[in-house]
Visitor: 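First the structure, which I've put down as structure tokens, then a few questions once you've had a look.
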Amino acid sequence: MLSDIEIAQQAKMMKIKDIAAQIDIKEDELEPYGHYKAKLSDELLDRIKDNKDGKLVLVTAVNPTPAGEGKTTVSIGLAQGMNKLGKKTVVALREPSLGPVFGIKGGAAGGGYSQVLPMEDINLHFTGDMHAITSANNLMCALLDNHIQQGNELGIDQRRVLVKRCLDMNDRALRNIVCSLGGKLNGVPREDHFIITVASEVMAILCLAEDLFDLKRRLGNILVAYTYDNEPVYCRDIKAEGAMTVLLKDAIKPNLVQTIENTPAIMHGGPFANIAHGCNSIRATKTALKLGDYCITEAGFGSDLGAEKFLDIKCRFAGLTPSCIVLVSTVRSMKYNGGVPKDALKTTFDMDALEKGCVNLIAHITNLKKFGVPVVVAINHFNEDTDEEIAFVEKLCRDNGADFALTDCFKDGGAGSVNLAQKVVEACDKENNFHYLYDLDMSVYDKIDTIAREIYGADGVDYTKEAKKSIDEFVKLGADKMPVCMAKTQYSLSDNPVALGRPSGFRITVSSASLSNGAGFLVCQTGSIMTMPGLSKSPSAYRIDIDENGNTVGLF
């Protein structure tokens, strides 16, 4: 089979104005970036605001394994399959980050015959949203350091600066630095840090903002530092939010592209799911709901991270109600959870390992059903999967209250997802009792305990002295009425990345906490979560190049 980029380069794209016309967008409501991608104008969003909402379908997954589950690929394939059924469907996805593209994780444009196009542009600079977010974040940091340098009227304690500079690249050398060296004219020396752009609060804010003025308000609410008198300093106090909003005035507009089968796709925003809420923007999702009869969207990593935050944070803020949740898994992911090594997954038939490892899938089904929404399990099919294995998984799903469908969308595109699409249409018409996992009036500690017990399966929660002190401090600033965003390893339901399957008899340890005051949630970190990744010994960047004809090669 051809590589992803070879398939993408051979695909026949439609002009973006023709894609827009499929979902009743007028040409003058587009802001084109070349022939095949465009921003959606504020005028469009205003015109369609009273349209009836379509049905919202969330695609999530089990805990990721090294073999890969293909959540984005299934999301795209499902949207294509829905359109083959004659359902007017729009897929709403996150934008890729350059860090993973040149690192080890890869892009976020799908794979095989279920991709969004133009794949190269999307995985690289796209429409410049990531650069705008990086610039806005770093402007805030520059203004803060300048305030300290120019007399420090607010009395900011340079030892308690909370915001970090960012870069959309994996660069471990910038994780912990000392800045402003070289004498008085170069600023006040202090310890500083870089994070990757998608882990920044500015990214989270962009994805939660309802409009440009809500964006400005949220940016002004960012907690940037404390004074020597232990008073909070907000972004508005250093007069940064106005200029930051100007930098983001185009980035807040959703991007329209297309799938390999010319299905409309809206891609916008991309916060990390293990440090932020891991979903595309509210504006993108709401726009897709107004333009289509169905909106297919995804949340990052496994359902214990992305889906929980989608449902408890994004849906709460945006007033969204999902009609169906699709849970993506694979036979090989279950065998991996059952003890089969990654290198042997393609050649090992082991029903004992499958039965042992399926507990991870059961846990995710059980968790999702707690939100009162119909669940369909989508098994991403691979050639090595046997009929016996598939039959076992299908019975397992039905026994645990979820519908089941195979999908071959990687090699067959929308045609490989028609069966899944039919199951999703049926599920969307079933009884729906959607509710949040916890109430905002609960104490912060009760919210954390509820997530840990109900979603992770923990026996309880422990706190470091530092974490408890921070949480109590943030409660005084109003965090007690906010949702909680748990930062946790994606590889396990627990906070131990090597505890596979369905761990039991463990407690979650909250090691630190931070307040994303502009985004509107409290972040509680468990274990060691990397906010500035590093490159591997052999990063993807080594294989990405330009050939003699000027074509990109090696991009997946």
Visitor: Testing the 3.5 Å rule here: is there a donor-acceptor pair between the side chains of Thr127 and Asn255?
Guide: yes

Visitor: Is a side-chain N or O of Glu389 found less than 3.5 angstrom from the main chain of Thr386, in a donor-acceptor match?
Guide: yes

Visitor: Please say whether the positively charged group of Arg218, taken as NZ for Lys or CZ for Arg, lies over the ring of Phe317, i.e. under 6.0 angstrom from the six-membered ring centre and within 45 degrees of the axis.
Guide: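 So Arg218 does make the cation-pi contact.
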
Visitor: Would Arg398 pass as a cation-pi partner of Phe404, given that its NZ or CZ must be under 6.0 Å from the six-membered ring centre and within 45 degrees of the axis?
Guide: no

Visitor: Does a salt bridge link Asp352 with Lys356, judged by any charged N lying under 4.0 Å from a carboxylate O?
Guide: no

Visitor: Would Arg316 pass as a cation-pi partner of Tyr438, given that its NZ or CZ must be under 6.0 Å from the six-membered ring centre and within 45 degrees of the axis?
Guide: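 Arg316 over Tyr438 ring: yes.
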
Visitor: With Lys411 as the cation and Tyr113 as the aromatic partner, state whether NZ or CZ is under 6.0 Å from the six-membered ring centre and within 45° of the axis.
Guide: no

Visitor: Which distance, rounded to the nearest 0.5 Å, do you find between the OG of Ser75 and the CD1 of Ile296?
Guide: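 These two atoms lie 8.0 Å from each other.
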
Visitor: So which pairs with a foot in residues 500-510 pass side-chain hydrogen bond (donor to acceptor under 3.5 Å, both in side chains), sequence neighbours left out?
Guide: Asp462-Arg507

Visitor: Looking at side-chain heavy atoms only, is the closest gap between Tyr36 and Ile19 below 4.5 Å?
Guide: no

Visitor: Should Arg283 and Glu210 count as an ion pair when the cut-off is N to O under 4.0 Å?
Guide: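 Salt bridge between Arg283 and Glu210, a charged N being under 4.0 Å from a carboxylate O: no.
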
Visitor: Taking only residues two or more places apart in sequence or in another chain, which ones pass side-chain contact (heavy atoms from CB on, under 4.5 Å) with Asn337?
Guide: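 Asn337 satisfies side-chain contact (heavy atoms from CB on, under 4.5 Å) with Thr65, Asn360, Leu500 once adjacent residues are dropped.
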
Visitor: Indicate yes or no: at least one non-hydrogen side-chain atom of Val257 is less than 4.5 angstrom from one of Phe126.
Guide: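 Val257 reaches Phe126 side chain to side chain.
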
Visitor: Considering only NZ, NE, NH1 and NH2 on the basic side and carboxylate oxygens on the acidic side, decide whether Lys39 and Asp129 come within less than 4.0 Å.
Guide: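 Result for this pair is yes, salt bridge flagged.
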
Visitor: Considering only heavy atoms from C-beta outward, does the side chain of Val101 approach that of Ser540 to under 4.5 Å?
Guide: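 No, every pair of side-chain atoms sits at 4.5 Å or beyond.
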
Visitor: State, with a plain yes or no, whether a side-chain heavy atom of Leu311 is found less than 4.5 Å away from one of Tyr436.
Guide: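 No, side chains not in contact.
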
Visitor: Any salt bridge linking Lys71 with Glu298? Criterion: basic side-chain nitrogen under 4.0 Å from a carboxylate oxygen.
Guide: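 Result for this pair is yes, salt bridge flagged.
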
Visitor: Can you tell me how far SG of Cys295 sits from NZ of Lys88, rounded to the nearest 0.5 angstrom?
Guide: 13.0 Å

Visitor: Is any side-chain heavy atom of Lys37 closer than 4.5 Å to one of Met267?
Guide: no

Visitor: Between His381 and Asp408, do the side chains contain a donor N or O and an acceptor N or O under 3.5 Å apart?
Guide: yes

Visitor: Hey, what do you get for CG (Asp495) to CD (Gln525), rounding to the nearest 0.5 Å?
Guide: 11.0 Å

Visitor: Quick check: do Pro374 and Asp403 have side-chain heavy atoms less than 4.5 Å from each other?
Guide: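 No, their side chains stay 4.5 Å or more apart.
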
Visitor: Please round to the nearest 0.5 Å and tell me the distance separating atom CG of Leu208 and atom CD1 of Ile205.
Guide: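 These two atoms lie 8.5 Å from each other.
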
Visitor: Between Lys55 and Asp293, is there a side-chain N and carboxylate O pair less than 4.0 Å apart?
Guide: no

Visitor: Whether the His277 and Asp312 side chains hold a donor-acceptor pair (N or O, under 3.5 Å, no angle test) is what I'd like checked.
Guide: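 Distance-only check fails for His277 and Asp312.
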
Visitor: Looking only at side chains, do Gln80 and Thr259 share a donor and an acceptor under 3.5 Å apart?
Guide: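 Note: Gln80 and Thr259 side chains meet the donor-acceptor criterion.
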
Visitor: Quick one: CZ on Phe392 to SG on Cys358, what's the gap to the nearest 0.5 Å?
Guide: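 That separation rounds to 4.0 Å.
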
Visitor: For the pair Lys290 and Asp53, find out whether any cationic side-chain nitrogen is under 4.0 Å from an anionic carboxylate oxygen.
Guide: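 Judged by the 4.0 Å cut-off on N to carboxylate O distance, Lys290 and Asp53 do form a salt bridge.
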
Visitor: Is any side-chain heavy atom of Val326 closer than 4.5 Å to one of Leu58?
Guide: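 Not in contact.
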
Visitor: Kindly compute the distance separating OG1 (Thr489) from CG (Leu305), expressed to the nearest 0.5 Å.
Guide: 8.0 Å

Visitor: Are Asn83 and Thr263 linked by a side-chain donor-acceptor pair shorter than 3.5 Å?
Guide: yes

Visitor: As a quick check of understanding, evaluate side-chain hydrogen bond (donor to acceptor under 3.5 Å, both in side chains) for Asn63 and Asp304, giving each step before the final call.
Guide: CA-CA 8 Å; Asn63 294 103; Asp304 54 317; 3.3 Å; yes

Visitor: Is Asp46 salt-bridged to Lys49, going by a charged N under 4.0 Å from an acidic O?
Guide: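 So Asp46 pairs with Lys49 through a salt bridge.
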
Visitor: Return yes if a side-chain donor-acceptor contact under 3.5 Å exists between Thr285 and Lys314, otherwise no.
Guide: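 There is such a pair (donor and acceptor under 3.5 Å, judged by atom type) between the side chains of Thr285 and Lys314.
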
Visitor: If the condition is side chain to side chain donor-acceptor pair (under 3.5 Å), which residues does Ser329 pass it with, not counting sequence neighbours?
Guide: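 Ser329 satisfies side chain to side chain donor-acceptor pair (under 3.5 Å) with Ser333 once adjacent residues are dropped.
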
Visitor: Does the side chain of Ser97 pick up a donor-acceptor pair with the side chain of Asp168 at under 3.5 Å?
Guide: yes

Visitor: Donor-acceptor check, side chain of Lys447 to backbone of Met482, threshold 3.5 angstrom: yes or no?
Guide: yes

Visitor: With a sphere of 6.0 Å drawn around NZ of Lys481, does it hold more than 12 non-hydrogen atoms of other residues, nucleotides or ligands?
Guide: yes

Visitor: Going by side chain to side chain contact (heavy atoms under 4.5 Å, CB included), Met334 matches just one of Val340, Val359, Ile379. Which one?
Guide: Ile379

